[in-house]
Amino acid sequence: MKMFIKIAQYTIVDQMRSKSFYLLLAISVGLLFLMRGCYSANYVINGQQIEGIGYASRIIFQAIVMGMLLMVSMISMRIFTRDQNDGSVQMFLSRPVQRWEYVLGRIMGTWLLTSGFMFVLHLTLFSIVWSHTGDINLGYIWASIVCSLNLLFMTATVCLFSLFMPGFISALFAMGLLGTGFISDGGYRLLNSQLIEALSSSVSASSPALWRIYYPKLFMVQTYADSLISKNNFMGIGPVHPLINILAFSLFFISLTLIIFKRRSI
């Protein structure tokens with residue numbers, strides 16, 4: 001366990017050595033402040049006046065999450081391939097390090113780094129909203145923690161796929177899983193919300209297909225996070241909460257990565 005923590009720390013420090021990391025963070029925070037005009041704009045949806053700062057901040061919150069999902073995919077796709085190419089994996093495993101410690105340390109280090117990056121951006125957004133409204137909405141903080149599960153899923157998925165295919169292709173496959181889930185769950189919610197509004201209350205909405213119920217609920221995790229900010233009721237799809245769904249998939253993919261990597265000859 002001690003070596004696992006050291007490898008996770010090494011992964012974080014290794015990524016933070018790059019000047020581009022701090023440049024990207026500074027640019028991201030700067031953009032949040034440059035977009036302050038969006039917070040005071042007036043929005044009308046379905047003929048109703050919407051509070052500008054609440055609506056805009058929720059959109060920006062989700063945009064940050066989507067950007068971080070792309071970022072974590074780009075970082076994760078080269079973790080194992082780079083270590084194999086430059087001999088780092090042999091260096092790690094030549095020491096008293098178990099393979100599971102190496103794999104888990106690399107995955108968890110990447111996840112913690114990107115989650116921390118995302119949390120800083122969301123904390124900045126929280127501070128901006130606080131300064132505009134004077135309202136301390138801790139939903140932004142909890143929502144950021146919730147969305148970090150999606151980053152864990154993407155890290156585990158890309159790392160697993162990278163054992164079988166080139167890094168960029170593994171990232172594309174993971175983004176394909178993400179896009180399919182967003183289209184499926186988003187479309188289902190949109191369709192049923194229109195049915196409920198257009199039809200009488202006596203007509204029940206269509207039931208989701210079985211595959212849709214158990215497909216990775218990345219979209220629903222972000223929908224749940226949004227409900228924490230807006231303080232609206234959350235309506236899920238199926239009997240399993242999306243947080244449990246994504247956590248289960250993440251642990252399953254991490255376990256597969258550990259098993260496959262253990263059986264591979266380095």
Side-chain angles (χ1 to χ4, degrees), residues 32 38-39 43 45-46 48 50-73 111 114-115 117-119 121-123 125-126 129 135 137-157 174-198 204-253:
L32 289 178
C38 299
Y39 304 120
Y43 299 90
I45 299 179
N46 294 329
Q48 296 183 348
I50 304 297
E51 182 187 4
I53 188 169
Y55 181 70
S57 63
R58 286 161 58 194
I59 294 177
I60 295 173
F61 181 95
Q62 297 295 349
I64 291 172
V65 178
M66 295 304 297
M68 292 307 305
L69 287 171
L70 178 61
M71 178 179 175
V72 76
S73 298
W111 173 58
T114 52
S115 295
F117 191 112
M118 182 176 69
F119 186 79
L121 298 181
H122 284 158
L123 187 61
L125 180 62
F126 163 78
V129 174
D135 180 30
N137 186 354
L138 295 178
Y140 290 94
I141 306 301
W142 293 116
S144 181
I145 296 173
V146 165
C147 289
S148 68
L149 281 181
N150 278 357
L151 298 187
L152 177 62
F153 173 86
M154 291 299 291
T155 304
T157 304
M175 294 303 294
L177 285 177
L178 172 70
T180 302
F182 269 61
I183 293 173
S184 170
D185 291 346
Y188 177 81
R189 283 177 59 90
L190 179 63
L191 176 63
N192 281 271
S193 64
Q194 291 176 342
L195 285 174
I196 294 173
E197 182 179 351
S204 59
S206 59
S207 300
L210 185 62
W211 72 269
R212 182 176 280 129
I213 293 176
Y214 295 104
Y215 194 84
K217 296 296 175 193
L218 296 156
F219 175 84
M220 298 307 298
V221 167
Q222 292 188 211
T223 302
Y224 175 68
D226 182 74
S227 71
L228 296 176
I229 299 173
S230 64
K231 299 178 182 177
N232 294 328
N233 292 330
F234 170 72
M235 297 294 293
I237 298 177
V240 181
H241 195 282
L243 297 185
I244 299 176
N245 173 280
I246 287 299
L247 181 59
F249 268 106
S250 300
L251 294 177
F252 177 66
F253 286 165

Worksheet item: Would one find more than 12 heavy atoms of other residues, nucleotides or ligands at under 6.0 Å from atom CE of Met66?
Response: yes

Worksheet item: Under 30°, 30 to 60°, or over 60°: which ring-plane class applies to Phe253 and Phe153, parallel, tilted or perpendicular?
Response: tilted

Worksheet item: Roughly how far, to the nearest 0.5 Å, is the OG atom of Ser73 from the CE atom of Met68?
Response: 10.0 Å

Worksheet entry | Heavy-atom side-chain contact between Phe219 and Ile183 under 4.5 Å | no

Fill in: Pairs flagged by salt bridge (charged side-chain N to carboxylate O under 4.0 Å, His left out) wherever residues 138-154 is involved - sequence neighbours left out
none

Worksheet entry | Selection residues 223-235 - residue pairs positive for salt bridge (charged side-chain N to carboxylate O under 4.0 Å, His left out), sequence neighbours left out | Arg58-Asp226

Worksheet entry | Separation of Met220 CE from Leu243 CG (nearest 0.5 Å) | 10.5 Å

Discussion item. Do Leu178 and Leu69 make a side-chain contact, defined as non-hydrogen atoms from C-beta onward lying under 4.5 Å apart?
Written reply: yes

Discussion item. So Pro242 and Phe234, do their side chains get closer than 4.5 Å, heavy atoms only?
Written reply: yes

Result block: side-chain N/O donor-acceptor pairs under 3.5 angstrom for residues 141-152, not counting sequence neighbours:
unit_1, atom_1, unit_2, atom_2, d
Ser144, OG, His122, ND1, 2.9
Ser148, OG, Ile145, O, 2.4
Asn150, ND2, Leu218, O, 3.1

Worksheet item: Can you list every salt bridge (charged side-chain N to carboxylate O under 4.0 Å, His left out) pair that touches residues 233-243, not counting sequence neighbours?
Response: none

Fill in: pair Ile229-Asn137: side-chain heavy atoms closer than 4.5 Å
yes

Worksheet item: Nearest heavy-atom pair of Tyr215 and Thr180: which atoms, and what distance?
Response: OH-CB, 3.4 Å

Worksheet item: To the nearest 0.5 Å, what is the distance between CD1 (Ile237) and OH (Tyr214)?
Response: 13.0 Å

Item to complete: Please confirm whether the backbone N or O of Met154 pairs with a side-chain atom of Thr157, one donor and one acceptor, at under 3.5 Å?
Response: no

Practice prompt. Would you please name every residue forming a side chain to side chain contact (heavy atoms under 4.5 Å, CB included) with Asn233, sequence neighbours left out?
Written response: none

Discussion item. Tell me which pairs pass salt bridge (charged side-chain N to carboxylate O under 4.0 Å, His left out) where either residue lies in residues 145-156, with sequence neighbours left out.
Written reply: none

Discussion item. Do Tyr224 and His241 have side chains that approach each other closer than 4.5 Å (heavy atoms only, starting at C-beta)?
Written reply: yes

